[in-house]
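This report refers to the structure that appears directly beneath it.
Each chain gets a letter, A, B and so on, in the order the sequences are listed, and its residues count up from 1.
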Number of protein chains: 2
Amino acid sequence: MLTPYTANSLKAELNSRGWRLTPQREQILHVFQNLPRGDHLSAEELFMLLEKRGEFISLSTIYRSVKLMSRMGILRELELAEGHKHYELNQPYQHHHHLVCVQCNRTIEFKNDSILKHSLKQTEKEGFQLIDCQLTVTAICPEAIRMGWPSTLPTNWTCTRNIALKEKQNQEEE
Amino acid sequence: MLTPYTANSLKAELNSRGWRLTPQREQILHVFQNLPRGDHLSAEELFMLLEKRGEFISLSTIYRSVKLMSRMGILRELELAEGHKHYELNQPYQHHHHLVCVQCNRTIEFKNDSILKHSLKQTEKEGFQLIDCQLTVTAICPEAIRMGWPSTLPTNWTCTRNIALKEKQNQEEE
DNA sequence: ATCTGTGCAAATAGTTTGCAGCTGG
DNA sequence: CCAGCTGCAAACTATTTGCACAGAT
């Protein structure tokens, strides 16, 4: 589906398959619809965000819901280099892609409309219907190159931008 | 690195970082170099393949090796919709991409040279050095569409091609 | 009344890690 | 010789599942 859902249209679509619009599913949709563009949540993050608002939805329900919504084409499942999946509203015509450093996992988002065009072409050729396309470019960041990659990089080096980011996250948690 | 490694060039590159070329790492490189084009292995599959040849390499070592080789740009880490990572030799100039059905996980490989061009452009713009690029198109396969997706598809439907595939795999295991 | 959805707790699966001994450079 | 590497077992983490009960149609 290429247009954003309202609670009503989601309800209609779920019902047409014998499924239900529960308060939990509505809450979850709502969170994603109000997420700043380019932002994405893991199951755990979604759980905590709802918790902070006083909405308790169990982790199992979260996992079940995001999977269901992904299979319906409502959410987009991102596999970044972080060991767990992230989700965001699926809007193929506004998609961004990811450039990820294999050394430090630093991730940069970028847009490129021709990626969608190529994906659509291929999808139609095979008789499929497009839900989403994601280009993930893995690369070495300038800092790692400056550190001498590939010859002289220490085993557990991580780029300074990454360290700065982690410190910032730790501060936020406190 | 955009050219295939030999045992010697791998040794040189490892040594220059204070790392070593062990028999295990050489074996693993060897397996990937002799893998049919387009084929890829999970850690477990690599473990079993080596075991069948009488080469025992522990799973931990396998995991450590494929991660190391991925960070070096020697292997390409694929995240298909199968819940675990697959690896293949990283050859950006011969790369294929993936079209995956969200309903049944059926996966089709395709080539498209312009994807690499777009990736290179973006990578250079950010001052990164490209290791790999992967376009993953998620979509609905013709069979699921024929079954009435998105309105009338049963919850745990899986496409017949998928069922056929699983039966084939089960037979092979016996 | 039936069947889906939820929360809980337990199970799973893939992957990572601590450690003691081994080995390549 | 010594830092890195291996195999083992145990730990970990993200995710899934079985079950009993609640709630929607």
Side-chain angles (χ1 to χ4, degrees), chain A residues 7-8 10-29 40-48 50-51 55-72 75 77-87 105 152-157, chain B residues 7-8 10-29 40-48 50-51 55-72 75 77-87 105 152-157:
Chain A
N8 277 340
L10 176 60
K11 184 173 191 305
E13 182 135 341
L14 285 165
N15 288 347
S16 69
R17 297 205 225 180
W19 295 337
R20 293 167 194 167
L21 181 64
T22 60
Q24 288 89 336
R25 288 175 183 174
E26 206 173 333
Q27 281 292 332
I28 290 170
L29 176 68
H40 39 72
L41 300 173
S42 67
E44 192 87 25
E45 286 163 350
L46 176 54
F47 174 80
M48 293 190 302
L50 285 160
E51 203 178 30
E55 305 283 347
F56 179 85
I57 302 183
S58 78
L59 253 180
S60 341
T61 299
I62 303 241
Y63 276 110
R64 282 188 277 233
S65 301
V66 292
K67 172 161 283 187
L68 177 68
M69 292 185 185
S70 298
R71 287 190 66 169
M72 290 178 73
L75 294 182
E77 199 174 70
L78 304 173
E79 308 236 23
L80 306 178
E82 298 165 34
H84 51 281
K85 291 171 189 160
H86 282 235
Y87 298 85
N105 279 345
T152 57
L153 206 57
T155 314
N156 35 19
W157 174 89
Chain B
N8 278 339
L10 176 60
K11 184 172 190 305
E13 183 135 341
L14 285 166
N15 289 348
S16 70
R17 296 206 226 180
W19 295 338
R20 294 173 192 163
L21 181 63
T22 60
Q24 288 89 337
R25 289 176 182 173
E26 206 174 333
Q27 281 292 332
I28 290 170
L29 176 67
H40 38 71
L41 299 173
S42 68
E44 191 88 27
E45 287 163 349
L46 176 55
F47 175 80
M48 293 190 302
L50 285 160
E51 202 179 29
E55 305 282 347
F56 179 85
I57 301 183
S58 78
L59 253 181
S60 340
T61 298
I62 303 238
Y63 276 110
R64 283 188 276 231
S65 302
V66 293
K67 172 161 283 186
L68 176 68
M69 292 185 185
S70 299
R71 287 190 67 170
M72 290 178 72
L75 294 182
E77 198 174 70
L78 304 173
E79 307 237 23
L80 306 178
E82 298 164 33
H84 51 280
K85 290 170 189 161
H86 282 235
Y87 298 85
N105 280 345
T152 56
L153 205 56
T155 312
N156 35 19
W157 173 88

Task: Whole-Å gap separating P (D/dT15) and CZ (A/Arg71) - done: 17 Å

Task: Gap between atom CG of B/Leu46 and atom NE2 of B/His40 - 0.5 Å precision - done: 14.0 Å

Task: C/dT23 phosphate, OP1 or OP2, under 4.0 Å from B/Gln24 side-chain N/O - done: no

Task: Gap between atoms CG and C1', on B/Leu59 and D/dA9 respectively (whole Å) - done: 13 Å

Task: Minimum-distance pair of heavy atoms, taken over all atoms of A/Asn15 and A/Arg20 - done: OD1-CA, 4.0 Å

- [ ] Could you check how far CD of A/Gln27 sits from C1' of C/dT6, rounded to whole Å?
- [x] 15 Å

- [ ] Starting from P on C/dT15, measure out to CG on B/Leu41 and report it in whole angstrom.
- [x] 13 Å

Task: Validation row: B/Tyr87, B/Met69 side chains within 4.5 angstrom (heavy atoms) - done: no

Open item on the list: Could you tell me how far apart B/Asn8 (CG) and C/dG24 (P) are, to the nearest whole angstrom?
Closed with: 16 Å

Open item on the list: Please report the interatomic distance CG(B/Leu10) to CE(B/Met72), rounded to the nearest 0.5 Å.
Closed with: 6.0 Å

- [ ] Taking all non-hydrogen atoms of both residues into account, name the closest pair between B/Ser16 and B/Glu13 and its distance.
- [x] OG-O, 2.8 Å

Open item on the list: Using every non-hydrogen atom in the two residues, find where A/Ile57 and A/Leu50 come nearest and quote the distance to one decimal.
Closed with: CD1-CD1, 3.8 Å

- [ ] Mind listing the residues from residues 60-69 of chain B sitting with a heavy atom below 4.0 Å of DNA chain D? Number order is fine.
- [x] B/Ser60, B/Thr61, B/Arg64

- [ ] Any chance you could measure B/Lys67, atom NZ, to B/Ile62, atom CD1, to the nearest 0.5 Å?
- [x] 14.5 Å

TODO: Could you state the atom-to-atom distance from CG of A/Leu46 to P of D/dT15 in whole Å?
DONE: 12 Å

Task: Shortest non-hydrogen separation from B/Leu68 to B/Trp19 and the atoms involved - done: CD1-CZ3, 3.2 Å

Open item on the list: Could you measure the distance from the OH atom of A/Tyr63 to the OG atom of A/Ser58? Nearest 0.5 Å is fine.
Closed with: 11.5 Å

Task: Whichever of A/Arg25 and B/Ser42 has its nearest DNA chain C nucleotide further upstream toward 5' - done: A/Arg25

Open item on the list: For a quick test of reading the model, state the closest non-hydrogen atom pair linking A/Glu26 to A/Leu21 and the distance between them.
Closed with: OE1-CD2, 3.9 Å

TODO: Determine, for nucleotides 20-25 of chain D in 5'-to-3' order, which nucleotides have protein heavy atoms under 4.0 Å from the base (write B), from only the sugar-phosphate (write S), or from neither (write -).
DONE: ---BBS

- [ ] Give, for atom CD of A/Glu79 and atom CD of B/Glu77, the distance between the pair rounded to the nearest 0.5 Å.
- [x] 10.5 Å

Open item on the list: Can you measure A/His86 atom NE2 to D/dT15 atom P for me and round it to whole angstrom units?
Closed with: 9 Å

TODO: Quick one: pull up NZ in A/Lys85 and CG in A/Leu78 and give me the separation to the nearest 0.5 Å.
DONE: 11.5 Å

- [ ] Please determine, for the side chain of B/Ser58, which listed nucleotide (C/dT15, D/dG7, D/dT15) has the closest atom?
- [x] D/dG7

TODO: Mind checking A/Glu44 for me? I need base, sugar-phosphate or nothing, with any heavy atom below 4.0 Å counting as a touch.
DONE: nothing

TODO: Using five base pairs at each end, measure the axis-to-axis angle across the helix from C/dA1-D/dT25 to C/dG25-D/dC1 and round it to 10 degrees.
DONE: 40°

Task: Rounded interatomic separation in angstrom, taking NE2 from B/His84 and C1' from D/dT16 - done: 16 Å

